[in-house]
Amino acid sequence: MSQSPYPSWQPWQGRGVPQPWGGPGGPVGPGGPGGPPMLASHADRERTVDVLRAGFAEGRLDQQELERRVARAYQARTVADLALLVADLPQGPVPQTAAAVQHIAPMAPQTFLPRPPKTNEKAVGSMVCGVLCLATGGLTGIPAVILGHTARAEIRRTGDAGDGYAMTGLVLGWLSTVGWALLIMLMVVAGASYG
């Protein structure tokens, strides 16, 4: 008769031995209280590693602690084992307030600080051309419209800032262009009626 390589009881069966995640029998698993805890999937392990990396990026863990916990995460057998590794961390990146960024700015390299989105140059150009419509007698209206439409397309694609600038340029550019079109049409009609 061959002897089993496994002990007659498994850690998840409790046997009155206190478990690190609380209670003599461990957490409640799919089998109910005292039953086996849920086994961890590959996705559970990857989510845990993501939380650990976010904690490291936020300065909550040092490099050595991160490596130790990541190694334990890939060796974890149950979801409860994974929960222990992230119990003292927020479950994902914490949004940085402006005060927190100013507080860490002297210590953190610029690479790790959140950057505000850059303002689209074509949006600024569109607004400038739109404002200049008044000074140039409407000659910059068409460039304002072209730059405004191009800028808004780029902003939707890249996430740049400056949509308000582009809209200002578009509105002023279209008003100037439509105004000139109406003026020319009235002049043509007036010329035809007098001719």
Side-chain angles (χ1 to χ4, degrees), residues 41-63 65-67 69-70 73-74 85-86 88-195:
S41 68
H42 295 303
D44 295 328
R45 291 184 187 93
E46 291 300 327
R47 277 191 295 271
T48 301
V49 169
D50 288 343
V51 172
L52 291 171
R53 288 187 177 138
F56 173 72
E58 293 166 2
R60 299 175 191 276
L61 300 173
D62 60 20
Q63 182 71 36
E65 180 71 10
L66 172 70
E67 291 170 1
R69 289 192 190 196
V70 166
Y74 284 122
L85 295 173
V86 294
D88 57 347
L89 296 172
Q91 301 299 304
V94 174
Q96 297 291 332
T97 62
V101 169
Q102 288 173 355
H103 175 69
I104 63 170
M107 299 176 289
Q110 289 296 320
T111 311
F112 298 113
L113 295 178
R115 291 184 181 171
K118 73 177 186 75
T119 303
N120 187 285
E121 294 89 1
K122 290 179 182 169
V124 175
S126 174
M127 184 183 72
V128 169
C129 287
V131 170
L132 288 178
C133 285
L134 301 173
T136 61
L139 295 177
T140 56
I142 292 176
V145 170
I146 293 170
L147 286 171
H149 282 297
T150 307
R152 293 198 76 207
E154 286 182 6
I155 288 169
R156 280 193 297 272
R157 188 178 70 250
T158 63
D160 288 347
D163 193 51
Y165 295 158
M167 279 302 297
T168 302
L170 276 172
V171 169
L172 293 174
W174 276 117
L175 286 174
S176 172
T177 305
V178 169
W180 269 107
L182 287 174
L183 182 63
I184 291 171
M185 191 172 12
L186 285 173
M187 289 172 64
V188 168
V189 168
S193 63
Y194 288 118

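Counting begins at 1 with the first residue of the sequence.
Counting only distance, with no hydrogens or angles, the side chain of Ser193 and the backbone of Ala190 share a donor-acceptor pair below 3.5 Å. Without hydrogens or angle criteria, Asp50 side chain to Arg47 main chain gives no donor-acceptor distance under 3.5 Å. Side-chain atoms of Thr119 never come within 3.5 Å of backbone atoms of Ala161 as a donor-acceptor pair (strictly under, hydrogens ignored). Although no hydrogens or angles enter the test, the distance criterion places a donor-acceptor pair under 3.5 Å between the side chain of Trp180 and the main chain of Gly137. Here the side chain of Ser126 pairs no donor or acceptor atom with the backbone of Leu147 at under 3.5 angstrom.
A pairwise comparison of heavy atoms in Ala73 and Thr48 identifies CB-CG2, 4.2 Å as the closest pair. Looking at every heavy atom in both residues, Ile155 comes nearest to Ala123 through CD1-CB, 4.3 Å. Here the closest heavy-atom approach between residue Leu139 and residue Pro143 is recorded as O-CD, 3.8 Å. Of all non-hydrogen atoms in Ala144 and Gly130, the two that sit nearest each other are CB-N, 3.6 Å. Here the shortest heavy-atom pairing between Gln63 and Phe56 reads OE1-CZ, 3.2 Å. Closest heavy-atom contact between Ala166 and Ala151: CB-CB, 4.1 Å.
No side-chain heavy atom of Pro117 sits less than 4.5 Å from a side-chain heavy atom of Asp160. Inter-residue side-chain proximity for Arg152 and His149 is flagged as unmet; no heavy-atom pair is nearer than 4.5 Å. Considering only heavy atoms from C-beta on, Tyr74 stays 4.5 Å or farther from His42 through its side chain.
To the nearest 0.5 angstrom, Arg156 atom CZ is 10.5 Å from Glu154 atom CD. Annotation: the span from Asp88 atom CG to Arg69 atom CZ amounts to 4.0 Å, rounded to 0.5 Å. Taking CG from Leu89 and CD from Glu58, the interatomic distance works out to 8.5 Å, rounded to the nearest 0.5 Å. For the atom pair Met167 CE and Leu172 CG, the distance stands at 10.5 Å (nearest 0.5 Å). Distance check: Glu65 CD to Leu52 CG gives 9.0 Å after rounding to the nearest 0.5 Å. Once rounded to the nearest 0.5 Å, the distance linking OG of Ser176 with CG of Leu134 reads 8.0 Å.
No more than 12 heavy atoms of other residues, nucleotides or ligands lie within 6.0 Å of CD1 in Ile142, so this atom counts as exposed by the packing criterion.
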